[in-house]
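Naming convention: chains lettered A, B, ... in sequence-line order (proteins, then strands); numbering from 1 in each chain. Since the model is a prediction, treat every value here as computed from it, not as a measurement. All heavy atoms count here, side chains included; hydrogens, waters and symmetry mates do not.
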There are 2 protein chains.
Amino acid sequence: MNQTNNFYLCSGLYLKAYKMAKKPKIETNRSTEEKIKEAARRVFTQKGYAATRTRDIAEESGINLALLNYYFRSKEKLFDIIMLETLQGFISGIKVMLNDESTSLEKKIEAIANKYIDLITAQPDLPLFILSELRANPDRLPANMGLKDFLVKSCIVKQIREASKDPGVNPLHFIMNIISLTVFPFVGRPIFQNLANLKKSDFDLLMEQRRKLIPKWVKAMLK
Amino acid sequence: MNQTNNFYLCSGLYLKAYKMAKKPKIETNRSTEEKIKEAARRVFTQKGYAATRTRDIAEESGINLALLNYYFRSKEKLFDIIMLETLQGFISGIKVMLNDESTSLEKKIEAIANKYIDLITAQPDLPLFILSELRANPDRLPANMGLKDFLVKSCIVKQIREASKDPGVNPLHFIMNIISLTVFPFVGRPIFQNLANLKKSDFDLLMEQRRKLIPKWVKAMLK
DNA sequence: GTCTATAACCTGATAGAC
DNA sequence: GTCTATCAGGTTATAGAC
């Protein structure tokens, strides 16, 4: 028995050494690690942390359950990685956009609407996933992203202050309005689609129209 | 063994008959049934179906775990009852409001904003709960509520058509806008509050302001 | 109706062969 | 690195005493 173990162990090491000689950077695992992460992204964003079973992720990625723990140690650690990357994808770019001194307010609004309509059309479950999991564990946000206190002194708030007819209205209202008008229709999609008896293509068309409409609406609100 | 079973069965029936003679309507259970439902409402809306354990509900309602199954047979059956009631609370009233021929469009918008700001201020977890669980099981909505196809021929859509400067814009956009502007700030609360470094009282004040602002904004969008 | 105890099942994680 | 088998712990639901 021990002899058998020894034999396979040695053969395994020999194989590994051989591969490493061929390819200095071990690429065999990179691929499966990425496969697991992609599957985890899909399943977690669709079902949420609690409803997701590690078995679902394993099955979805076509690998074995044990491998998941081999690469990521635990369900929670894997989730944290996915969550962090998702949040970064959601926030990255937007911060520089909002602080860009060279673009007008209207262009900024258009850019925000376009970015999020693109992002959420590609991954419809994203906003509800982030919002739900953030509520379940509100501490996850602040540590990671450096957005605390960022908005108050941002360029866009300055531009809103200048554009707003009524200085008594907090500029944050308009930030909330832009995000609400862009994101919420996707979040409430099951209700809206049912409410107005829309096909998928009808709904998608409406969302496309909003790329142009939202900047126009926000402009009107400011007056 | 059979004899023992028989004995308890008979004794149980006798007891029940006795109680019914004393009190025509059995009130002993009504109270605990309601206690369980209230606890279930709290826990389900806060943690969602998957993350909720029946033990949490039992503990929260101060009763025994077995009683939950005695009254509601299963976690899922209890959940369905809670979900149905929650949806009805969210939709009831609004349908008649939207079809009221005697109120102006602006008054309708004000009424919607007020109703939902009241409702969600009292139960902040409600919208995310509904939206999340609806996504997890989209079939839950259509069967229950009679809102399929309701909107298209509603009074408010007619009023929006009249008020809108641009007849090319689907009235549904404005319905989505009203709901988005009202509900989404609450849903995105953890992000917005963090983004602008707001205290709870600051945020609540902003939401109060929106009661008046939203009707004004929507009016401006229509022009 | 309400409780305690437990059955039956499921899920995350690991041990160990290969 | 990857698999199979299995453990340990937790969860829903029920049986049975009172």
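- The phosphate of D:dT2 (OP1 or OP2) has a side-chain N or O of A:T32 nearer than 4.0 angstrom.
- B:F79 has its ring centre less than 6.0 Å from the ring centre of B:F44.
- With respect to A:K77 and A:D80, no salt bridge is recorded, no charged nitrogen being found less than 4.0 Å from a carboxylate O.
- The interatomic distance linking B:L68 (CG) with D:dA15 (P) rounds to 16 Å, in whole Å.
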For residues 81-98 of chain A, run the donor-acceptor check on the side chains, cut-off 3.5 Å, and write out each pair with its distance to 0.1 Å, sequence neighbours left out.
| unit_1 | atom_1 | unit_2 | atom_2 | d |
| --- | --- | --- | --- | --- |
| A:E85 | OE1 | A:R41 | NH1 | 2.9 |
| A:E85 | OE2 | A:K37 | NZ | 2.7 |
| A:T86 | OG1 | A:I82 | O | 2.7 |
| A:S92 | OG | A:Q88 | O | 3.3 |
| A:K95 | NZ | A:G146 | O | 2.8 |

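- Rounded to an integer number of Å, the gap from CD1 of A:I57 to C1' of C:dA13 is 14 Å.
- A:E60 pairs by the salt bridge (charged side-chain N to carboxylate O under 4.0 Å, His left out) definition with A:R42, not counting sequence neighbours.
- Put simply, the side chain of A:K75 gets close to the backbone of A:Y49: a donor and an acceptor are under 3.5 Å apart.
- Atom CG of A:N64 is separated from atom C1' of C:dC18 by 13 Å (rounded to the nearest Å).
- Annotation for B:K47 and B:T52: closest pair CB-OG1, 3.8 Å, computed over non-hydrogen atoms.
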Side-chain polar contacts of residues 122-130 of chain A - donor-acceptor pairs under 3.5 angstrom, sequence neighbours left out - could you list them?
none

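- A:Y70 places its OH atom 14 Å from the C1' atom of C:dG16, with the value rounded to the nearest Å.
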Tabulate protein N/O versus nucleotide N/O from nucleotides 8-11 of chain C, keeping only pairs under 3.5 Å, one per line.
| unit_1 | atom_1 | unit_2 | atom_2 | d |
| --- | --- | --- | --- | --- |
| C:dT11 | OP2 | A:R53 | NH1 | 2.7 |

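- Between B:I36 atom CD1 and C:dC3 atom C1' the separation is 13 Å, expressed in whole Å.
- For A:R135, there are no side chain to side chain donor-acceptor pair (under 3.5 Å) partners at least two apart in sequence or on another chain.
- Considering only side-chain atoms of A:A66, the nucleotide from D:dA15, D:dT2, C:dA15 that sits closest is C:dA15.
- Heavy-atom distances under 4.0 Å link DNA chain C to no residue of residues 37-48 of chain A.
- Remark: the backbone N or O of A:C155 is paired with a side-chain donor or acceptor of A:N99 at under 3.5 angstrom.
- Per the geometry, CG belonging to B:N69 stands 15 Å off P belonging to C:dT4, to the nearest Å.
- When heavy atoms are screened at a 4.0 angstrom cut-off, A:L65 is found touching base atoms of the nucleic acid.
- Here D:dT2 presents its P atom at 12 Å from CZ of A:F72, a figure rounded to the nearest Å.
- One atom, CD1 of B:I63, and another, P of C:dC3, lie 7 Å apart when rounded to the nearest Å.
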